[in-house]
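Heads up, the thing below is written out as structure tokens.
As the structure is a prediction and not an experimental result, all values here were calculated from the model.
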Amino acid sequence: MAETIHTQPRHETQVKVVVPDEHTMVNLLGSGDELLRTLERSFDSDIHVRGNEFTISGTPEETAVVVRLVEELIELAKSGTHVTPDTIERMIHMLGAGGERPAEVLTTNILSNRGKTIRPKTVNQKRYVDIIDRHTVVFGIGPAGTGKTYLAMAKAVKALQDKEVNRIILTRPAVEAGERLGYLPGSLYDKIDPYLRPLYDALHDMLDPESIPKLMAAGTIEVAPLAFMRGRSLNDSFIILDEAQNTSPEQMKMFLTRLGFGSKIVVTGDVTQVDLPGGQTSGLRTIERILGDIDDIAFSRLGSEDVVRHKLVGQIVDAYGRYDAQQNGDQGDRRGGGGQRGRRAAPRRDRGESSGSDGDEPNEPGYGAD
């Protein structure tokens with residue numbers, strides 16, 4: 001409950017927020033009051049705590065934001081959600097952007113296993129998992145660390161547990177292998193295993209480790225390179241193509257046409273990290289121009305603000321984005337603007353389904369996989 005008391009001159013406001021539960025109060029302050037210190041560093045307003053009462057003094061605009069933040073934190077504490085200083089920083093960003101309530105975003109349960117619950121950590125991540133629920137084919141595009149693959153895998157495991165699908169198929173292109181594959185030691189599976197290892201790691205986060213070999217032996221979970229998808233029709237499956245920026249347009253077409261009855265496809269990738277040899281065109285770069293107008297296909301974009309690894313990762317993504325924009329601008333200046341001739345018009349957007357950047361090459365959770 002918040003009680004507003006106007007006691008300060010020059011349009012300043014003092015607001016008191018009373019926390020009804022002492023146990024909730026302990027969770028709000030954090031270990032060694034680290035959460036309170038984060039609040040104090042994030043705002044110019046004076047924030048004081050005495051007993052179970054917050055007192056916030058400052059401008060009406062900022063005071064209102066702090067009060068909303070404290071009220072959202074109370075809701076998170078009541079739900080048992082673990083809050084860190086990084087959580088508070090993300091909540092401040094959510095409040096500044098408007099839209100969905102932070103407590104609603106951060107308490108959305110995707111999957112629970114062995115006492116661990118996987119939840120979205122940003123608004124765009126929540127929109128992404130909501131889009132997966134509503135569409136048959138979804139493209140999750142964003143930089144490393146935004147959770148695009150990890151969250152898709154959590155949705156796949158949940159769909160398998162709820163018997164919405166009979167199997168999960170996880171695939172990646174092994175682009176570095178190529179003609180050098182024969183020089184690597186071991187069997188074919190030994191050679192391609194390093195390219196698929198991140199998918200195995202994510203599975204171990206979501207399922208009991210002892211159950212994974214049994215599920216794989218039964219064909220309920222399959223992890224395979226993209227080349228193994230050719231000629232198949234995949235029914236009643238949740239299919240994830242990871243690292244899709246490293247597919248050619250022909251491979252992308254081949255993969256998407258594997259879709260069978262009762263199946264769902266999620267394609268994830270980062271168009272700023274294409275590793276295809278010889279300057280080949282990425283199938284992910286052009287796909288929205290081809291499929292952007294088809295119903296039941298949606299595109300969800302995540303950006304640097306959705307990175308939930310170390311905060312430096314988001315800053316690195318932004319720095320590379322600025323550098324690439326500068327390089328492209330310099331090349332455009334040298335061409336005298338002629339480079340824009342002959343480009344196709346940007347596609348009609350996905351009827352409000354995209355989140356984050358809307359450009360062809362976006363500024364692209366800590367989750368184990370991207």
Side-chain angles (χ1 to χ4, degrees), residues 136-141 144 148-150 152-153 155-157 159-160 165-204 212-213 215-291 297 368-370:
T136 299
V137 178
V138 174
F139 291 84
I141 303 173
K148 53 191 183 293
T149 303
Y150 196 86
M153 290 185 66
K155 294 296 293 183
V157 172
L160 182 67
V165 296
N166 294 332
R167 58 180 172 166
I168 297 171
I169 299 173
L170 310 172
T171 184
R172 273 183 146 193
V175 295
E176 289 93 352
E179 295 180 354
R180 293 173 293 170
L181 195 63
Y183 293 99
L184 297 175
S187 67
L188 177 61
Y189 280 94
D190 292 331
K191 298 172 194 290
I192 62 178
D193 186 73
Y195 301 103
L196 305 174
R197 180 52 50 187
L199 302 178
Y200 289 110
D201 292 342
L203 277 177
H204 277 265
I212 295 176
L215 292 170
M216 296 186 71
T220 304
I221 295 179
E222 179 181 348
V223 183
L226 179 60
F228 286 24
M229 298 297 108
R230 189 174 298 277
R232 303 175 63 183
S233 180
L234 306 174
N235 297 317
D236 301 312
S237 304
F238 198 117
I239 312 150
I240 298 173
L241 170 59
D242 188 31
E243 296 289 325
Q245 74 275 7
N246 290 327
T247 62
S248 67
E250 294 78 16
Q251 287 174 318
M252 181 67 77
K253 178 181 177 182
M254 178 276 292
F255 171 75
L256 292 174
T257 53
R258 301 308 94 202
L259 178 67
F261 295 105
S263 291
K264 184 184 291 285
I265 282 178
V266 179
V267 178
T268 67
D270 175 2
V271 293
T272 69
Q273 295 194 44
V274 177
D275 299 316
L276 290 170
Q280 294 183 43
T281 300
S282 167
L284 189 61
R285 286 184 185 272
T286 58
I287 196 65
E288 191 167 358
R289 294 173 181 167
I290 299 170
L291 304 181
I297 294 179
D370 293 340

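If you take CG on Asp201 and OH on Tyr150, they are separated by 10.0 Å, rounding to the nearest 0.5 Å. Taking OG1 of Thr247 as the start and CD1 of Ile287 as the end, the distance is 8.0 Å to the nearest 0.5 Å. Note that the OG1 atom of Thr149 and the CD atom of Glu243 stand 7.0 Å from one another [nearest 0.5 Å]. Here the CD1 atom belonging to Ile221 is positioned 12.5 Å from the CZ atom belonging to Phe238, to the nearest 0.5 angstrom. For the atom pair CG (Leu203) and CG (Leu215), the distance works out to 9.0 Å, reported to the nearest 0.5 Å. Atom CG in Leu291 sits 11.0 Å away from atom NZ in Lys253 (nearest 0.5 Å).
The shortest non-hydrogen separation linking Lys148 to Gly269 is CE-O, 3.3 Å. The shortest non-hydrogen separation linking Leu199 to Met153 is O-CE, 3.4 Å. Residues Pro249 and Ser282 approach most closely at CD-C, 4.3 Å, considering heavy atoms. For the residue pair Leu234 and Ser263, the shortest heavy atom distance occurs at O-OG, 2.6 Å. Here the closest non-hydrogen pair linking Val271 and Arg285 is O-NH2, 2.9 Å. Scanning all heavy atoms of the two residues, the minimum distance from Ala224 to Met229 falls at CB-CE, 4.0 Å.
Sorted by first and then second residue, the pairs that involve residues 224-237 and meet salt bridge (charged side-chain N to carboxylate O under 4.0 Å, His left out), not counting sequence neighbours, are Glu222-Arg232. Every pair tested for salt bridge (charged side-chain N to carboxylate O under 4.0 Å, His left out) that includes a residue from residues 254-268 fails, sequence neighbours excluded, so the list is empty.
At least one side-chain heavy atom of Arg172 sits under 4.5 Å from a side-chain heavy atom of Pro198.
Every residue two or more places apart in sequence or in another chain that forms a side-chain contact (heavy atoms from CB on, under 4.5 Å) with Asn235 is listed here: Ser233, Phe261. The side chain to side chain donor-acceptor pair (under 3.5 Å) test applied to Ser237 returns Arg167, not counting sequence neighbours. For the side-chain contact (heavy atoms from CB on, under 4.5 Å) test, residues two or more places apart in sequence or in another chain that qualify with Val137 are Phe139, Leu256, Leu259, Ile265, Ile297. Applying the side chain to side chain donor-acceptor pair (under 3.5 Å) criterion to Gln273, with sequence neighbours excluded, gives Asp270. Residues meeting the side-chain contact (heavy atoms from CB on, under 4.5 Å) test with Ala244, sequence neighbours left out: Leu241, Met252, Val267, Leu284.
Judged purely by atom type and a 3.5 angstrom limit, Asn246 uses its side chain to pair as donor or acceptor with the backbone of Asp275.
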Discussion item. Show, in sequence, the C-alpha distance, side-chain angles and deciding distance for Phe228 and Thr171, and conclude whether the side-chain contact (heavy atoms from CB on, under 4.5 Å) test is met.
Written reply: CA-CA 9 Å; Phe228 286 24; Thr171 184; over 6 Å; no
Practice prompt. Apply side-chain contact (heavy atoms from CB on, under 4.5 Å) to Gln251 and Leu226, showing your working.
Written response: CA-CA 8 Å; Gln251 287 174 318; Leu226 179 60; 4.0 Å; yes
